[in-house]
Amino acid sequence: MMIGVAGFSRHIGQLLSKSNGFIAASLSAASCADEAEKAEGAGCRDDAAALRLKWIAMAAILVSGVMGVGLPLAGRKRRTVQTGSAVFVAAKAFAAGVILATGFVHMLHDVEHALSNPCLPAGPWRRFPFPGFVAMLAALATLVLDVLVTRFYETKHRAEVARVKADAAAALAAASTSASDEDITVVTVVESEHKVPLLQAHSHSHAQSHGHELMQPQGREGEVSDHVRSVVVSQILEMGIVSHSVIIGLSLGVSRSPCTIRPLVAALSFHQFFEGFALGGCIAQAQFKNLSAVMMASFFAITTPTGIAAGAGLSSFYNANSPRALVVEGILDSVSAGILIYMALVDLIVADFLGGKMTGSPRQQVMAYVALFLGALSMSSLAVWA
């Protein structure tokens, strides 16, 4: 009798366990369906209106990106917005605050939302803090990449300087054997505005010069390092911004809800403008050739509109709440967040505020700090809509 009661109890326990699992699965499916309905706009779905808004968003974001990245590049020769001016320093500080808030407030929040989505299985995505962990790894990987690329460019620059010095010495030796007393050649090694050593030869009469002059490349080692850092910062910063821009472009493009897209147009235009300004300032400081600068600026400006166009093409069959899409979006956003947080703190804020570049008046320094906090707070406030 006792055996029968125990068996009956075990059977009842198994039934309860299965029913609990079924209820949990049903609740999870219902939550996933609710999440999908919420993502689609919950009653605000209109494909034709959404497509019109996507065209408007592509145009507005493209113009904002071009203006943002183009202002520092166009102003390199103008005193008011030239790199180092009070206006440029304050604007760059504002842009650094925007990028910092983008990483902390926008991207990490989006990652939390994606990887805690009820459409994902609980294990392992909701049992471990993947957003912060992946962002941390991305920041450390950016540090390693930053160091390696900086050393590569410094080694390349030293080799170039050594080669030019050797060429200058050879030219001087040849000139000393062939020049007459009436025609002495003076060989000068200088650096162009792009930090590239050049050879310049000058002829002097016997009355003007009786010897030869060989000048070392002008510019201190610290100036070379600043130039190399600017090159590295601009390239890594663009990598982080572009990867993030692809995600936000796709997210907007696949949406079929005008209620979701409408507030994003203004928010992303503002976002794109100041991200572009920060990137454009770094490109201007790196003193790239015009073609390279235009290519980097254009690549940044078209990334988000291209993502929107791609998302619009995929919207008919792309499921933004599928487990694969959620995981890919979450991991890429985490990586981008880690890159942008590192770049904003280390290469933009610390480099400018603690690296000796704040050499203006106390008033200018206060303006830069105020601009930094305004940029961070302004971008954070956009989290209400985007």
Side-chain angles (χ1 to χ4, degrees), residues 69 72-73 83-84 89 92-93 95-104 106-108 111 131-161 194-196 219-247 274-289 292-293 295-297 299-300 303 331-358 372 375-376:
V69 76
L73 298 176
T83 57
V89 170
K92 189 182 176 186
V98 167
I99 291 178
L100 185 65
T102 299
F104 274 119
H106 289 261
M107 301 183 67
L108 285 180
V111 177
F133 178 71
V134 175
M136 177 192 71
L137 292 181
L140 294 176
T142 305
L143 170 64
V144 174
L145 181 64
D146 201 358
V147 172
L148 292 177
V149 175
T150 300
R151 289 183 178 176
F152 168 77
Y153 276 106
E154 287 179 343
T155 304
K156 181 180 178 181
H157 182 87
R158 292 193 191 100
E160 191 173 8
V161 171
H194 303 293
K195 305 297 183 188
V196 179
R220 296 168 299 179
E221 186 67 26
E223 294 175 352
V224 174
S225 297
D226 287 343
H227 168 64
V228 170
R229 292 295 307 141
S230 298
V231 171
V232 175
V233 166
S234 61
Q235 293 178 342
I236 298 180
L237 180 61
E238 176 153 26
M239 179 178 66
I241 291 176
V242 164
S243 61
H244 166 55
S245 297
V246 171
I247 296 298
F274 284 103
E275 272 193 347
F277 193 93
L279 178 62
C282 293
I283 294 173
Q285 287 182 325
Q287 299 178 351
F288 286 106
K289 295 180 181 179
S292 299
M295 288 180 63
M296 291 182 69
F299 188 61
F300 160 77
T303 302
I331 296 299
L332 287 180
D333 266 345
S334 294
V335 171
S336 299
I339 294 173
L340 293 186
I341 290 170
Y342 172 88
M343 298 302 295
L345 288 175
V346 176
D347 288 329
L348 295 178
I349 297 175
V350 172
D352 287 347
F353 285 82
L354 298 180
K357 294 183 180 180
M358 290 289 177
L372 175 66

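Hydrogens, waters and symmetry mates are skipped; everything else that's a heavy atom, side chains included, is used. Just so you know, residue 1 is the first one in the sequence shown, and it goes up from there.
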Distance in Å, [X] [atom1] paired with [Y] [atom2], rounded so as to fall on 0.5 Å steps:
X: H244; Y: T303; atom1: NE2; atom2: OG1; answer: 11.5 Å
X: Y153; Y: Q235; atom1: OH; atom2: CD; answer: 3.5 Å
X: I241; Y: I236; atom1: CD1; atom2: CD1; answer: 12.0 Å
X: S334; Y: M136; atom1: OG; atom2: CE; answer: 11.5 Å
X: S230; Y: I283; atom1: OG; atom2: CD1; answer: 11.5 Å
X: L372; Y: D352; atom1: CG; atom2: CG; answer: 10.0 Å

### Query
Between the side chains of D347 and Y342, does any donor sit under 3.5 Å from an acceptor?
no

How close do [X] and [Y] get, heavy atom to heavy atom, and via which atoms?
X: F277; Y: P72; result: O-CG, 3.7 Å
X: L340; Y: I99; result: O-CG2, 3.9 Å
X: A278; Y: A95; result: CB-CB, 3.5 Å
X: M296; Y: S234; result: CE-O, 4.0 Å
X: G338; Y: A138; result: CA-CB, 4.1 Å
X: D146; Y: V232; result: OD1-CG1, 3.1 Å

I want to check something: taking the side chain as every heavy atom from C-beta on, are [X] and [Y] in contact at a cut-off of under 4.5 Å?
X: M343; Y: M239; answer: no
X: L348; Y: C282; answer: yes
X: I341; Y: L108; answer: yes
X: F300; Y: M295; answer: no

### Query
Hey, is the main chain of F288 close enough, under 3.5 Å, to the side chain of S292 for a donor-acceptor pair?
no

### Task
Please assess R151 against K156 for the test side chain to side chain contact (heavy atoms under 4.5 Å, CB included), listing each intermediate value before the final yes or no.
CA-CA 8 Å; R151 289 183 178 176; K156 181 180 178 181; over 6 Å; no

